[in-house]
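All heavy atoms count here, side chains included; hydrogens, waters and symmetry mates do not. In what follows, every chain begins at residue 1, and chains take the letters A, B, ... in the order their sequences are listed.
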Protein chains: 2
Amino acid sequence: MPRTGRPRAFNRDEAVLAAMFLFWEHGFESTSLAQLRAAMGHISAASFYAAFESKEALFRETVERYKATYGRVMESFHDPRLAPKAAIEQGLRRSARMQTEVSHPLGCLVVLSGISCSPENQHIQEMLAKEREKNRDGIKDCIERAVANGELPDTVDVPMLVTLFDTFLLGISTQARDGIPFKQIDAAITQLMSIWDALSRKNG
Amino acid sequence: MPRTGRPRAFNRDEAVLAAMFLFWEHGFESTSLAQLRAAMGHISAASFYAAFESKEALFRETVERYKATYGRVMESFHDPRLAPKAAIEQGLRRSARMQTEVSHPLGCLVVLSGISCSPENQHIQEMLAKEREKNRDGIKDCIERAVANGELPDTVDVPMLVTLFDTFLLGISTQARDGIPFKQIDAAITQLMSIWDALSRKNG
DNA sequence: TGAATTTTATACTAATCGATCCAGAAGTTC
DNA sequence: GAACTTCTGGATCGATTAGTATAAAATTCA
């Protein structure tokens, strides 16, 4: 926090939020500086660079903001206090609900905003891929815990089950973009989770 | 086909193929004219526009080419001669195999190449969304046929089942991009299809 | 009141974007 | 060969890209 100097004429937090919505909707490369500055209250280029350093630095900041807010719908994957099945189910349902809300862009920023970039921005794609890997690892942890505590048989194909739930999770982004209502996705999640019960019954 | 005049110095079909790979990998907006022309053998701008009219016209042509080649992995959704379950299963497995092949970009062009665009190219997004809707309709037809012929009970929630399979199908694109091997996705498909058998057993 | 600090507006950079135009070469048909 | 058609290289278009230089304006602290 600066103690002296001319005070900033715009709210930095609100500006990051506005940028997040733009990146979320149009992606990193397709969001221009002009759009970002306009959404921040038509601030000048000088003000933009003084506050955010660069377009890429701002994007990274919006990803962090996303993870700390909307992205928390998936935190159950990393909560060892939750029962494994409940952790996965909750993450899926909350993701589906969040991604279909109309108060912000549809789908998931981590999946959509950098899925296709120019070669010079490949590191952006890789950064987002690493974020997706964290979610995948969380799902894997849940399934491994279920095997460890006997909830699932130890004959279960863990990578297969991880892929089953993670592929569905990733598909929600495009479904949400295509306007599929939450209730349909939520009902599909119920059906998907029935696989867990079927596998668990075989354990008896 | 022109009967007279100087013949084109590059192969138009090969040029469309090269363009398809670029759009597939980087998306519509992030693929520049310079990249396209370089991939076509460093042809001039004049040659490009004489042959393809515009970047957007070329993109539409590559989408058609994609549908007629790689995209045919999903044609089973629209084949009423196939048993409903086999049609869906085959479409999923062939999609997973094709999207993980290393001889071309990973994932599906229809899902990835226009998922986030600038506002001025929203019609590109909508065009691809319509293509995805056709696949979705194909899956729906399969499920409705299964209900009609008694393979699935008429109490089944059709939109829910369509969403279940379609969400997984759409998720394959990102999974493939993230390097998940075909065998894992294929095994997940086997598990996913077990839902069909469980629903069909209840019918007895 | 004045020095120090920070943000502001304005103007500007070099590069790239998709797209166009023209002169002339190159290949075709007759 | 003449007439005709088409393609090609090169220059160029206006607009936009991300990013910067400069100096005035607004604040805090001495």
Chemist: Looking at every strand, decide which applies to B:S32 at a 4.0 Å heavy-atom threshold: base, sugar-phosphate, or nothing.
Modeler: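 Sugar-phosphate contact only.
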Chemist: What nucleotide among C:dC17, C:dA19, C:dT6 has an atom nearest to a side-chain atom of B:S54?
Modeler: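 Shortest atom-to-atom distance from the side chain points to C:dA19.
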Chemist: Separation of A:L33 atom CG from D:dA18 atom C1', in whole Å?
Modeler: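 To the nearest whole Å, that distance equals 5 Å.
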Chemist: Look at the side-chain N and O atoms of A:T4 and state whether any lies under 4.0 Å from the OP1 or OP2 oxygen of D:dC29.
Modeler: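 For D:dC29, neither OP1 nor OP2 has a side-chain N or O of A:T4 closer than 4.0 Å.
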Chemist: Rounded to the nearest angstrom, tell me the gap between atom CZ in A:F28 and atom P in D:dA18.
Modeler: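 Rounding to the nearest Å, CZ of A:F28 and P of D:dA18 are 9 Å apart.
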Chemist: Nearest to the side chain of A:A46 - C:dT10, D:dT17, D:dT8?
Modeler: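 Taking heavy atoms from C-beta onward, the closest nucleotide is C:dT10.
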Chemist: Look at the side-chain N and O atoms of B:Y49 and state whether any lies under 4.0 Å from the OP1 or OP2 oxygen of C:dT20.
Modeler: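 For B:Y49, the contact criterion (side-chain N or O under 4.0 Å from OP1 or OP2 of C:dT20) is not met.
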Chemist: Atom CZ of B:R37 and atom P of C:dC17: how far apart are they, to the nearest Å?
Modeler: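 Those two atoms, CZ and P, are 10 Å apart.
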Chemist: Scan A:F10 against the nucleic acid and name what it touches under 4.0 Å (heavy atoms): base, sugar-phosphate only, or nothing.
Modeler: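 Result for A:F10 = sugar-phosphate.
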Chemist: Is A:E151 paired with A:K85 through a side-chain N to carboxylate O contact shorter than 4.0 Å?
Modeler: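 No, this pair does not count.
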Chemist: How many whole angstroms separate atom CZ of A:F48 from atom P of C:dT6?
Modeler: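 The distance from CZ of A:F48 to P of C:dT6 comes to 20 Å, rounded to the nearest Å.
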Chemist: Can you check the A:R12 CZ to C:dT6 C1' distance for me, whole Å?
Modeler: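 After rounding, the reported distance stands at 14 Å.
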Chemist: Would you indicate what B:T31 reaches in the nucleic acid, counting non-hydrogen atoms under 4.0 angstrom: base, sugar-phosphate, or nothing?
Modeler: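 Sugar-phosphate only.
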Chemist: Using the side-chain heavy atoms of B:A45, tell me which of these nucleotides is nearest: C:dT20, C:dG27, C:dT8.
Modeler: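 Closest nucleotide among those given: C:dT20.
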Chemist: Any side-chain N or O of B:S47 less than 4.0 Å from the OP1 or OP2 oxygen of D:dT8?
Modeler: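 Yes.
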Chemist: Mind calculating the distance between CZ (A:F52) and P (D:dT20) to the nearest angstrom?
Modeler: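 To the nearest whole Å, that distance equals 16 Å.
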Chemist: Side chains of A:F52 and A:R12, heavy atoms from C-beta outward: is any pair under 4.5 Å?
Modeler: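 A side-chain contact exists here, since the closest heavy-atom pair is under 4.5 Å.
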Chemist: From the options D:dT27, C:dT10, C:dG27, select the nucleotide whose nearest atom is closest to the side chain of B:P7.
Modeler: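 Comparing D:dT27, C:dT10, C:dG27 against the side chain of B:P7, the answer is C:dG27.
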Chemist: May I ask you to establish whether A:K134 and A:F77 are in a cation-pi arrangement, using a distance under 6.0 Å from NZ or CZ to the six-membered ring centre and at most 45° from the ring axis?
Modeler: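 No.
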Chemist: Let me know the distance between CG of A:N121 and P of D:dT17, rounded to the nearest Å.
Modeler: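 The distance from CG of A:N121 to P of D:dT17 comes to 15 Å, rounded to the nearest Å.
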Chemist: Flag the pair B:Q99 / B:I185 as yes when at least one side-chain heavy-atom distance between them is below 4.5 Å, and no otherwise.
Modeler: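 In short, these two side chains do not touch, never coming nearer than 4.5 Å.
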Chemist: Could you name each residue pair satisfying side-chain hydrogen bond (donor to acceptor under 3.5 Å, both in side chains) that touches residues 36-46 of chain A, not counting sequence neighbours?
Modeler: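 side-chain hydrogen bond (donor to acceptor under 3.5 Å, both in side chains) check on residues 36-46 of chain A returns A:S44-A:S47.
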Chemist: Take atom CD of A:E29 and atom C1' of C:dT16, then tell me their distance rounded to the nearest Å.
Modeler: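 To the nearest whole Å, that distance equals 13 Å.
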Chemist: If you pin B:E120 and B:R6 to their nearest nucleotides in DNA chain D, which one's is more 5'?
Modeler: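 Per heavy-atom nearest nucleotide, the more 5' residue is B:R6.
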